[in-house]
Visitor: 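Would you mind keeping the following structure in view while I ask a few things?
Order of listing sets the numbers, starting from 1, for every ligand and every atom in it.
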Amino acid sequence: MTDKLIIFDTTLRDGEQSPGASMTRDEKLRIARQLERLRVDVIEAGFAASSNGDFECVKAIAEIIKESTICSLARANDRDISRAAEALKPANSGRLHLFLATSALHMEKKLRMTPDQVFEQARLSVRFARNLMSDIEFSPEDGYRSDPDFLCRVIEAVINEGATTINVPDTVGYAIPELYGNFIKNLRERIPNSDKAVWSVHCHNDLGMAVANSLAGVKIGGARQVECTINGLGERAGNCSLEEVVMAVKTRKDYFGLDMGIDTRQILAASRLVSQTTGFVVQPNKAVVGANAFAHASGIHQDGVLKARDTYEIMRAEDVGWSANKIVLGKLSGRNAFKQRLQELGVAMESETDINNAFIKFKDLADRKSDIFDEDILALVSDESVTHSNEQYGFVSLSQHSETGERPQACVIFTVAGTEVKGESDGNGPVDASLKAIETHVKSGAEMVLYSVNAISGSTESQGEVTVRLQNSGRVVNGVGSDPDIVVASAKAYLSALNKLQSKADRVAAQG
Ligand code: KIV
Ligand code: ZN
């Protein structure tokens with residue numbers, strides 16, 4: 001019998017709680033498809049009771065994803081649980097994830113409940129959930145800072161009521177690997193029915209130890225499920241990063257001795273998709289998925305790698321999805337070559353119309369840029385205008401004039417609900433003038449809290465990828481746009497952020 005580690009991805013739920021990382025329904029569906037290709041065991045698709053939008057997302061993901069288990073978070077009350085169960089109805093395999101805080105601090109200050117009330121609510125909520133679904137996960141929120149005696153009492157009771165997975169969150173990222181591993185080990189040893197449930201770890205990264213803590217929970221504590229997110233996305237300093245934890249368990253199989261179902265070759269595509277969707281850029285020195293993760297700059301290292309790659313490489317770049325040959329397509333490439341490259345990159349397009357639209361954009365790009373890299377293709381398909389022709393705002397064209405000593409002028413043509421409008425303005429620079437030109441019509445009143453430009457494939461020939469973060473009435477959204485002309489990329493990013501601002505509904509937060 002193999003000892004399997006279950007990979008539970010919560011990019012679409014805990015990851016999305018990161019300010020500015022909120023995603024549209026279509027974006028979530030694309031990410032869910034990529035997570036399925038990555039073969040994660042469980043996809044936490046959202047928190048169905050938090051808003052109608054979240055409910056619809058969980059339901060839509062449950063309808064289309066057939067290989068992974070689809071999970072919805074729910075507070076430990078009948079209304080939330082019923083709503084989550086309703087959203088999960090179409091799933092091949094569904095899971096309810098109930099949470100209730102158990103630390104003294106959270107019970108007293110946040111819930112204003114006594115430990116006995118929390119105990120009863122935990123027990124009864126699992127009993128209620130178990131009548132609706134057989135796969136039930138229970139999380140004592142802030143579990144790591146909870147009193148172990150009380151935690152043992154609660155966990156024993158919820159397992160008796162039928163909880164099948166027990167997740168022990170380090171909600172505030174306070175744990176230290178050895179201590180967290182032993183914390184879980186002790187719980188498992190003390191709770192008489194602990195063998196009736198799968199134990200799970202869920203670590204936040206406030207002290208930079210989420211991956212180390214999760215691995216200690218597995219190795220020392222005996223947990224067999226890790227909760228994680230692509231690129232470590234998540235509230236504050238984020239969650240345990242899926243790519244790091246998976247590659248650690250795979251690369252050091254000699255130490256962990258565990259199997260996983262993950263197709264690691266899909267890791268990079270997942271990382272890129274999440275980064276481009278949320279606008280959360282991956283730092284170059286990030287393990288596994290950073291641009292420098294497999295680059296050998298020093299002469300000694302390069303020489304060693306050329307003689308025998310394992311002198312300095314412990315993983316193969318191809319195994320996590322980096323392609324050996326970087327220039328992939330050019331001006332003469334046909335639709336079939338383009339479609340095949342999309343498939344190799346793990347990009348699924350919903351219809352032939354979407355492929356045709358993307359191919360037109362590709363041809364347009366190839367006319368302006370001689371070599372097309374994988375990064376260009378991924379940026380192109382993440383451009384919303386390729387797949388979302390029904391957005392409120394759409395980019396059409398831009399002209400601008402700038403000259404040393406003169407104030408730049410810009411004219412932007414864009415669509416508002418399908419009708420073309422023209423905005424003109426001056427500004428401090430061409431980007432400023434272009435965004436102000438858009439605002440002459442939109443008058444969003446939004447505050448820009450981040451503007452960043454990244455050269456997609458590293459040279460001045462490359463496309464610029466622009467991220468714009470806007471804040472309005474307490475909501476924060478990111479828009480991403482790409483183009484060889486960074487002023488155009490900026491206008492696209494701005495319009496994409498405006499689209500998100502006007503489509504977001506308020507929702508209940510999972511924590512706090
Ligand atoms: O960090 C946390 O405690 C959570 C729970 C809701 C599982 O995300
Ligand atoms: Zn969390």
Visitor: Name the one of Glu16, Glu56, Glu44 that satisfies salt bridge (Lys or Arg N to Asp or Glu O under 4.0 Å) with Lys28?
Guide: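 Looking at Glu16, Glu56, Glu44, the match for Lys28 under the salt bridge (Lys or Arg N to Asp or Glu O under 4.0 Å) is Glu16.
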Visitor: Under 6.0 Å from the CZ atom of Arg153, do we count more than 12 heavy atoms belonging to anything else shown?
Guide: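 More than 12 heavy atoms, drawn from other residues, nucleotides or ligands, come within 6.0 Å of this atom.
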Visitor: Would you mind running through ligand 1 and noting each atom that sits below 4.0 Å from a heavy atom of Asp14?
Guide: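 The list of qualifying atoms is 8 (O).
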Visitor: Given Met113, which partner from the list His106, Glu120, Gln121 fulfils the side chain to side chain contact (heavy atoms under 4.5 Å, CB included) test?
Guide: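 Single pass found, and it is Gln121.
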Visitor: Going by the angle between their ring planes, with limits at 30° and 60°, are Tyr180 and Tyr144 parallel, tilted or perpendicular?
Guide: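 The rings of Tyr180 and Tyr144 stand perpendicular, inter-plane angle above 60°.
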Visitor: Going by the order shown, which atoms of ligand 1 are within less than 4.0 Å of some heavy atom of Phe99?
Guide: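 In order of number, 6 (C).
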Visitor: Is it true that a side-chain atom of Arg188 and a backbone atom of Gly221 form a donor plus acceptor pair closer than 3.5 Å?
Guide: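 Judged by distance alone, yes, a pair lies under 3.5 Å.
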Visitor: Report yes or no: is the cationic atom of Arg123 (NZ for Lys, CZ for Arg) under 6.0 Å from the centre of the six-membered ring of Phe138, at an angle within 45° of the ring normal?
Guide: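 No, a cation-pi geometry is absent between Arg123 and Phe138.
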Visitor: Check if Arg13 has a non-hydrogen atom at a distance under 4.0 Å from any atom of ligand 1.
Guide: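 For ligand 1, residue contact (heavy atoms, under 4.0 Å) with Arg13 is present.
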Visitor: With nothing but distance in play, are any N or O atoms of Glu141 less than 3.5 Å from an N or O of ligand 1?
Guide: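 There is no such contact.
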Visitor: So, Gln225 and Glu227: side-chain donor and acceptor under 3.5 Å apart, yes or no?
Guide: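 On atom types as modelled, these side chains qualify, holding a pair under 3.5 Å.
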Visitor: Number the atoms of ligand 1 from 1 as they appear, then name those within less than 4.0 Å of a heavy atom of Pro169, with their elements.
Guide: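 Every atom of ligand 1 under 4.0 Å from some heavy atom of Pro169: 2 (C), 3 (O).
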Visitor: Which atoms of ligand 1 are found less than 4.0 Å from any heavy atom of His202?
Guide: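 Listed by number with element: 1 (O), 2 (C), 4 (C), 8 (O).
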Visitor: If you consider just the N/O/S atoms, which atom of Asp14 is the closest one to the Zn ion (ligand 2)?
Guide: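 Closest N, O or S atom of Asp14 to the Zn ion (ligand 2): OD2.
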Visitor: Is it the case that ligand 1 has an N or O less than 3.5 angstrom from some N or O of His204?
Guide: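 Such a contact does occur with ligand 1.
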Visitor: Quick one: does Asp142 get an N or O within less than 3.5 Å of an N or O on ligand 1?
Guide: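 No, no N or O pair falls under 3.5 Å.
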Visitor: Please indicate whether any nitrogen or oxygen in Ser139 is less than 3.5 Å from any nitrogen or oxygen in ligand 1.
Guide: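 No; the residue has no nitrogen or oxygen that sits under 3.5 Å from a nitrogen or oxygen of the ligand.
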